Amino acid sequence: MSRTLALIDGNSFYCSCERVFDPRLHTRPVIVLSNNDGCAVARTSEAKALGIKMGEPFFKIADLCKREGVMVYSSNYTLYGDMSARMNDVYRTFTPDVEIYSIDESFLDLSGFTGRDLPAMARDLRSTVRQWTGIPTCVGLGPTKTLAKLANHIAKKNPELNGICDLTMPAAREAWLPRVAVSDVWGIGSASTYKLARIGVTTAADLAALPPREARQLLSVIGERTVFELRGVSCLALELVPPQRKGCAVTRSFGAPITALEEMLEAVSAYATRAGEKLRRHGLATGHVSVFMHTSAFNTDPRYSASTTVELPEASNDTRDLIGAAKRGARRIWKDGYRFVKAGIIMDDLIRAADAPRPLFEARDREQSVKLMGAVDSINRRFGRGAIVPGSAGIKQRWAARFERRSPRYTTRLEELPLVG
DNA sequence: TCTGGGGTCCTAGGACCC
DNA sequence: TCTGGGGTCCTAGGACCC
């Protein structure tokens, strides 16, 4: 039975979020920077036209931005996450079958609407989202996820399509696939593009025509699936219920290099705190915490990179346990005399907290731990992340990441509401 | 001076077992 | 001591995604 999927996403999503709350930005090029104000991760079409590339370090384009009047923002994930939720609320008024794929992309299952004028429905979807959230979008339609993604890409690249491309019919695919570079196909990255070029496969149409066995030989099962998907044979299911996460990490570059162990312990404690919040929010626990730290890969400082894994006596999501493990790991791999620019903690093999086995002798009263952590989380939700950090008196945080150009959290912080008048 | 932060999946190869 | 053909499980690393 054939499906019809839509992929809808926000155009230059982070930039569009900034524009929603500051109309002055509508006529100007806008970029949003990564964490620590490191590099450009979102650009409006005007910014792209100035030659600003995805992932370009900000210090290399700072002059250009000043000269051309580019509006530059630190990333404001609280705002973007809230806008994302609003967009998905709009999608669900069209169909309950929504897979949230990323912060700005969702797949919608429109199979129940076959026979309806799907492009007209896509136009309605776009204009409703625009009206209710202010975010401009593009919609791709296709019988498989890969084709819906490709259609969305075509809609973005061809303004005359007014933000909608429909690849549900074979004739449309025959017309468009030869015009799309194979590197623009979902799942085909630079390594695969290189391998395919050597056998003369350069367009999406070429890849669709490749015998699946050959694709498997060259690119593994992922390549083989992609060939089938491009032919309209669905291999990737819609995931309406998000699968349980397998891992969880908190890693950050520092605003200023760390050279003292005490500062490193502060930093990994802060990451462990954040990690605890993430685990508890998902009802998960971990049995071990990996810690890593490294020096810069971009300068001539002496290099050092290390990681270690600390086992917990029992699976936990208690911030105090995570901080203890993170500090122990950091001490284990710490070396004096280096300038560390980044560190992080990684937790794999997560289990559901409710399934955590209970040891014979509990190191800590579990009921009390759950109550205390619940209280910490609710206070931090109310007053902002970091309002309470267990055992954190006197944190100086010279190492904390920079966000020098962050816009107000318009939608989620009362004191940062936009002012009218 | 200044270069992000998360994730997932797959494969190859080693350790171990019968 | 060596010889063999499988299994399974685990880990590291590659590739890709947003």
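Predicted model, so just to flag it, every value in this text is computed and none were measured. Residue numbers start from 1 in every chain, and the chains themselves are labelled A, B, ... in the order their sequence lines are given, proteins ahead of strands.
Taking for each of A:A249 and A:S220 the nucleotide of DNA chain B with the nearest heavy atom, the 5'-most of the two is the partner of A:A249. Place A:N35 and A:K246 on DNA chain B by their nearest nucleotides, and A:N35 ends up nearer the 5' end.
With sequence neighbours excluded, the residues that form a side-chain hydrogen bond (donor to acceptor under 3.5 Å, both in side chains) with A:N88 are A:S106. For A:F254, there are no ring pair (Phe, Tyr, Trp, His ring centres under 6.0 Å) partners, not counting sequence neighbours. In this structure, A:W176 has no ring pair (Phe, Tyr, Trp, His ring centres under 6.0 Å) partners at least two apart in sequence or on a different chain. Partners of A:T251 by side chain to side chain contact (heavy atoms under 4.5 Å, CB included), not counting sequence neighbours, listed by chain and number: A:A249, A:F292, A:K342.
For the C1' atoms, the distance linking B:dC17 with C:dG4 amounts to 14 Å, nearest Å. Atom P of B:dA15 sits at a distance of 16 Å from the matching atom of C:dC2, rounded to the whole Å.
The strand DNA chain B forms stems, runs of 3 or more Watson-Crick or G-U wobble pairs with distances below 3.5 Å, at B:5-18 with C:5-18.
Counting non-hydrogen atoms under 4.0 angstrom, A:K53 reaches nothing in the nucleic acid. Nucleic acid contact class of A:V341 (heavy atoms, under 4.0 Å, all strands): none. Counting any heavy atom pair closer than 4.0 Å across all strands shown, A:I188 reaches sugar-phosphate atoms only and no base atom. Counting any heavy atom pair closer than 4.0 Å across all strands shown, A:Y101 reaches sugar-phosphate atoms only and no base atom. The residue A:S75 sits apart from the nucleic acid: no heavy atom pair falls under 4.0 Å. A:G55 comes within contact range of no nucleotide atom at all, as no heavy-atom separation falls under 4.0 Å. Counting any heavy atom pair closer than 4.0 Å across all strands shown, A:R225 reaches sugar-phosphate atoms only and no base atom. When heavy atoms are screened at a 4.0 angstrom cut-off, A:D37 is found touching no nucleic acid atom at all. Residue contacts for A:K278: at a heavy-atom cut-off of 4.0 Å it reaches the sugar-phosphate backbone alone, with no base atom in range. A:E105 comes within contact range of the sugar-phosphate backbone alone, with a heavy-atom separation under 4.0 Å but no base atom that close. Note on A:S296: nothing from the nucleic acid sits closer than 4.0 angstrom, heavy atoms only.
Side-chain polar atoms of A:N36 and A:S34 form no donor-acceptor pair below 3.5 angstrom. If you check the side chains of A:T319 and A:R280, you find a donor sitting under 3.5 Å from an acceptor.
Under the 3.5 Å distance criterion, the side-chain polar atoms of A:N158 are left unmatched by any main-chain donor or acceptor of A:E160. When atom types are taken as modelled, the side chain of A:K145 and the backbone of A:A237 share a donor-acceptor pair closer than 3.5 angstrom.
A 4.0 Å heavy-atom criterion places the boundary nucleotides of DNA chain B facing chain A at B:dC2 to B:dT11, written 5' to 3'.
Using a cutoff of 4.0 Å between basic side-chain nitrogens and carboxylate oxygens, A:D89 and A:R86 are not scored as salt-bridged.
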